[in-house]
Amino acid sequence: MTGPDPIPHAVALLRAGELVAFPTETVYGLGADARNPAAVAKIYALKGRPAGHPLIVHLGAASALDDWASHVPDAARRLADRFWPGPLTLILPRAKGVPDAVTGGQDTVGLRVPGHPLAQRLLAAFDGGVAAPSANRYGRVSPTCAAHVREEFGPATPFLLDGGDCDVGLESTIVSLAGEPLLVRPGGISQADLESVIGPLRRAAAGEGPRAPGTTVSHYAPATALRLVERAERDPGYGPQVAVLASRPAPVGFAGILWVDSGANPARYAHDLYASLRRLDWVGADLILVESVPTLPAWDAVRDRLARAAAACAAEELA
Ligand code: TXA
Ligand code: MG
């Protein structure tokens with residue numbers, strides 16, 4: 001690294017109640033001191049996020065769990081042992097003193113120990129919880145590199161720790177252990193891997209389980225209309241103004257604006273997905289066609305985000 005270490009300055013800002021954007025292995029986060037409601041309010045203001053949506057509290061180590069959760073079931077300890085630091089968020093009953101600003105007034109709190117080295121250093125030096133949603137404006141695509149964060153907030157971008165590209169590229173897997181174990185949001189850790197540690201886990205149905213803005217349709221959508229299709233050429237919108245995301249090369253003679261071939265490896269596809277959606281959104285197409293991905297478990301998280309992006313666009317078309 002060239003230049004001075006940015007961590008002490010980032011910690012000073014957090015302590016002063018300011019925001020810091022930082023990398024995690026999933027996506028970039030927009031962080032504030034989770035014990036400081038005024039600081040947390042700045043997250044909502046900058047994102048344009050409606051109040052009452054809970055935030056994930058990022059911790060340096062699982063040993064801090066008991067400071068934030070009133071009860072840590074055995075299953076939560078086992079998942080933390082196995083997958084932290086990593087792309088897993090646990091929803092647990094909140095401890096006394098966790099601000100309503102963080103939990104959205106709910107009696108649960110979302111907790112995660114991220115694995116990115118810069119996040120780890122930040123959290124270790126801060127020695128407290130950092131509340132952070134993804135560092136994007138409300139309802140838009142999450143940022144997976146520092147440039148995306150600047151694209152979102154422009155001159156209003158807070159102090160930003162640049163940790164390069166996020167490895168996973170999609171938001172963390174969310175598991176609720178506040179009641180019946182529920183898979184709330186698929187992500188970087190698969191259902192099978194979770195079940196190998198805690199046994200059967202039910203996937204929350206739409207609208208079920210804890211309230212979660214990332215589980216509403218207004219999320220993860222580019223501004224351009226987006227449609228999920230089996231095969232791009234068969235869609236009536238396929239033409240010169242179209243941009244396509246697929247797992248295969250462009251067909252011979254493709255005459256649209258842009259064809260992105262994200263390949264057939266689900267981890268790679270996930271890693272690139274939000275950057276691909278940003279590119280597809282920027283080229284001035286009338287319509288983004290996304291070819292559907294396999295219905296195999298390895299594609300669960302990607303399929304989930306694509307379905308949400310398409311649903312959000314459908315909702316906007318109706319509105
Ligand atoms: O990978 C990630 O999870 C990224 C990085 C920055 O950690 N964060 C992220 O934050 O995606 P956000 O706010 O965009 O999504 C967090 C999700 C939301 O769906 C939120 O509702 C849910 O976590 N969540 C947080 N606390 C919760 C709680 N107490 N009950 C239910 N859902 C909760
Ligand atoms: Mg988000």
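Counting starts at 1 for both ligands and their atoms, in listed order. For the numbers below, each heavy atom of this structure counts, side chains included, while hydrogens, waters and symmetry mates do not.
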> Does a donor on one side chain and an acceptor on the other come within less than 3.5 Å for S142 and E171?
Replying inline: yes
Counting only heavy atoms, tell me which of [options] gets closest to [atom].
atom	options	answer
atom 13 (O) of ligand 1	E171, Q106, R49	R49
atom 15 (O) of ligand 1	R185, E25, H58	R185
atom 33 (C) of ligand 1	L170, I91, I43	I91

Is the shortest N/O to N/O distance between [X] and ligand 1 below 3.5 Å?
X	value
T103	no
S172	yes
R112	yes
T24	no

Using a strict 4.0 Å cut-off to heavy atoms of [X], name the atoms of ligand 1 that fall inside it.
X	result
I174	17 (C), 22 (C), 23 (O)
G29	6 (C)
V109	29 (N)
T108	28 (C), 29 (N), 30 (N)

> Can you list the residues that meet the side chain to side chain donor-acceptor pair (under 3.5 Å) rule with Q191, with sequence neighbours excluded?
Replying inline: E195
> How far apart are the closest heavy atoms of V283 and A243, and which atoms are they?
Replying inline: CG2-CB, 4.2 Å
Note: [X]-[Y] ion pair, threshold 4.0 Å (strictly below):
X	Y	result
D81	R77	no
D67	R35	no
R140	E152	no

Donor-acceptor pairs under 3.5 Å, side chain of residues 6-24 to any protein atom, not counting sequence neighbours: which ones?
from	atom 1	to	atom 2	distance (Å)
R15	NH1	F126	O	3.2
R15	NH2	A125	O	3.3
R15	NH2	F126	O	3.4
E18	OE2	K42	NZ	3.3
T24	OG1	T26	N	3.0
T24	OG1	T26	OG1	2.8
T24	OG1	V27	N	3.3
T24	OG1	V27	O	2.7
T24	OG1	R112	NH2	2.9

> For ligand 1, is H116 a contact, meaning one of its heavy atoms is under 4.0 Å away?
Replying inline: no
>> Between S134 and the Mg ion (ligand 2), is there a contact where an N/O/S atom of the residue lies under 2.8 Å from the metal?
In response: yes
> What is the ring orientation for F254 with Y238, classed by angle as parallel under 30°, tilted 30 to 60°, or perpendicular over 60°?
Replying inline: tilted
